[in-house]
2 protein chains.
Amino acid sequence: MKKVVLNKKQQELIERIGIFFEHQGLPPAVARISGLLLISDRVELTFEEIYTTLNLSKSAASNAINILLKAHRLEYITKPGDRKRYFKLFIDHWETVFNDRLKFLPFMVSLLKEIHSVRSSKNKEFNANLKEIIGFMEYLNKEIPKLFIKWKEKKTK
Amino acid sequence: MKKVVLNKKQQELIERIGIFFEHQGLPPAVARISGLLLISDRVELTFEEIYTTLNLSKSAASNAINILLKAHRLEYITKPGDRKRYFKLFIDHWETVFNDRLKFLPFMVSLLKEIHSVRSSKNKEFNANLKEIIGFMEYLNKEIPKLFIKWKEKKTK
DNA sequence: TTTTTGGTTCTGAAAAAAAAGAACTAAAAG
DNA sequence: CTTTTAGTTCTTTTTTTTCAGAACCAAAAA
């Protein structure tokens, strides 16, 4: 039972982070593990520390961790002569994760275009609105990467 | 049984739209109703048309429609001397809906700031990354409305 | 007043998601 | 070899979500 020591405030924050991530569509265990790794002073935690601290079964923890690994929200490191994996948030590559989440935009654009192409020419207004949305999404898709670059420039100077 | 007439292609698209919205976190019935209203040539449909066309029970349709109304994805109009409500996508106000969806950003920023403030000063790198994310989100929150304005300007000229 | 219409609300069942527990496995340690 | 460790996988249980069916309700029509 190698629980991570957490004070009341930290525990409460983990729960709130958990709820926030649940609202973003993550399953409960996944959300809590994310919370724990955001709060823990030790940023690298072992499998055992994670499931004992959060009172999860090994199987629940294993599945949740693998979901997070596949989503590139987690990574793990190993230490020489130590069989354990040390899991940590993939926070140093958050830009990549952020970019991945934007990939839904082009997909949505193509779906909306297909919808638009299938619609009859009645309902001019509806079709015009649809076209506007498509236009704006394409604009966003082009401009957000630029925003990224501008932000980086601003930081350096 | 006042079903809306739909051809194969339209039906198939409604299903694909449904799946897309399910991936975005909407419940199945909610997702399909959204799809129907995106595809139907008549943009305003009655309660009966919706549930008969999609083979939903009245209760399922009622709940789903109310979820959509509360989320401001749907609105309804009425016609004089007609007790029915005619439901339609809130597409003419899509900018408002879009802006609403961005409201999670400031909330996330405040949560991340709280996390940052609670963390010990060990893990310099982790804390620095956290601060970067916060900074970028604040930047986004400031710049996206500007993007909106610039896009509108581009449209008019 | 009675009936019809256009929904809503309240069960309960079915299906899906989440988690627990235990059996299992591969690599390392003894 | 045998045992231990660090997880994984399989099965079962629990919980949650989603939906159907029927009863219900308020306003309008007859």
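Each of Gly81(A) and Ala29(A) has a nearest nucleotide on DNA chain C; the 5'-most of these lies closest to Ala29(A). The nearest heavy atom of DNA chain D to Ser57(B) and to Arg85(A) marks one nucleotide each, and the one closer to the 5' end goes with Arg85(A). Residue-to-nucleotide proximity on DNA chain C shows that, of Arg83(B) and Leu26(A), the 5′-proximal contact is made by Arg83(B).
Glu22(B) places its CD atom 9 Å from the P atom of dA17(C), with the value rounded to the nearest Å. The interatomic distance linking Glu49(B) (CD) with dG7(C) (C1') rounds to 15 Å, in whole Å. Taking atom CG of residue Asp82(B) and atom P of nucleotide dA27(D), one finds them 17 Å apart after rounding to whole Å. The OH atom of Tyr86(A) sits 11 Å away from the C1' atom of dA6(D) (whole-angstrom rounding). In this structure, Leu54(B) places its CG atom 14 Å from C1' of dC19(D), rounding to the nearest Å. Atom-to-atom, OH of Tyr51(B) to P of dG7(C) comes out at 10 Å; the value is rounded to the nearest Å. Rounded to whole Å, the distance from CZ on Phe47(B) to P on dT9(C) is 11 Å. If you measure from atom OH of Tyr76(A) to atom C1' of dG7(D), you get 11 Å, rounded to the nearest angstrom.
Across all strands shown, Asn55(B) has heavy atoms under 4.0 Å from sugar-phosphate atoms exclusively, and none from any base. Leu56(B) comes within contact range of the sugar-phosphate backbone alone, with a heavy-atom separation under 4.0 Å but no base atom that close. Among the protein residues, Ala61(A) comes within range of no part of the nucleic acid, since none of its heavy atoms lies under 4.0 Å from any strand. Residue Lys58(B) is classed as a base contact, given a heavy-atom separation below 4.0 Å to a base.
The Asn66(A) side chain lies nearest to dT8(D) when the options are dG7(C), dT8(D), dT18(D).
Residue Asn63(B) has no polar side-chain atom (N or O) positioned under 4.0 Å from OP1 or OP2 of dT18(D). For the pair Ser62(B) and dT8(C), the criterion of a side-chain N or O lying under 4.0 Å from OP1 or OP2 is met.
Under a 4.0 Å N-O distance rule, the pair Glu143(A)/Lys150(B) does not qualify as a salt bridge.
One donor-acceptor pair, N or O on each side, does fall under 3.5 Å between the base of dA20(D) and the side chain of Ser59(B). On a pure distance criterion of 3.5 Å, no polar donor-acceptor pair joins the side chain of Thr46(B) and the base of dG6(C).
Between His93(B) and Phe90(B), the distance separating the two ring centers is shorter than 6.0 angstrom.
Between Glu49(B) and Arg42(B) the shortest side-chain heavy-atom distance falls below 4.5 Å.
A donor-acceptor pair shorter than 3.5 Å can be found between the side chains of Tyr86(A) and Asp82(A).
Of the candidates His116(A), Lys122(A), Arg119(A), Glu132(A), Arg119(A) is the only one forming a side chain to side chain donor-acceptor pair (under 3.5 Å) with Asn127(A).
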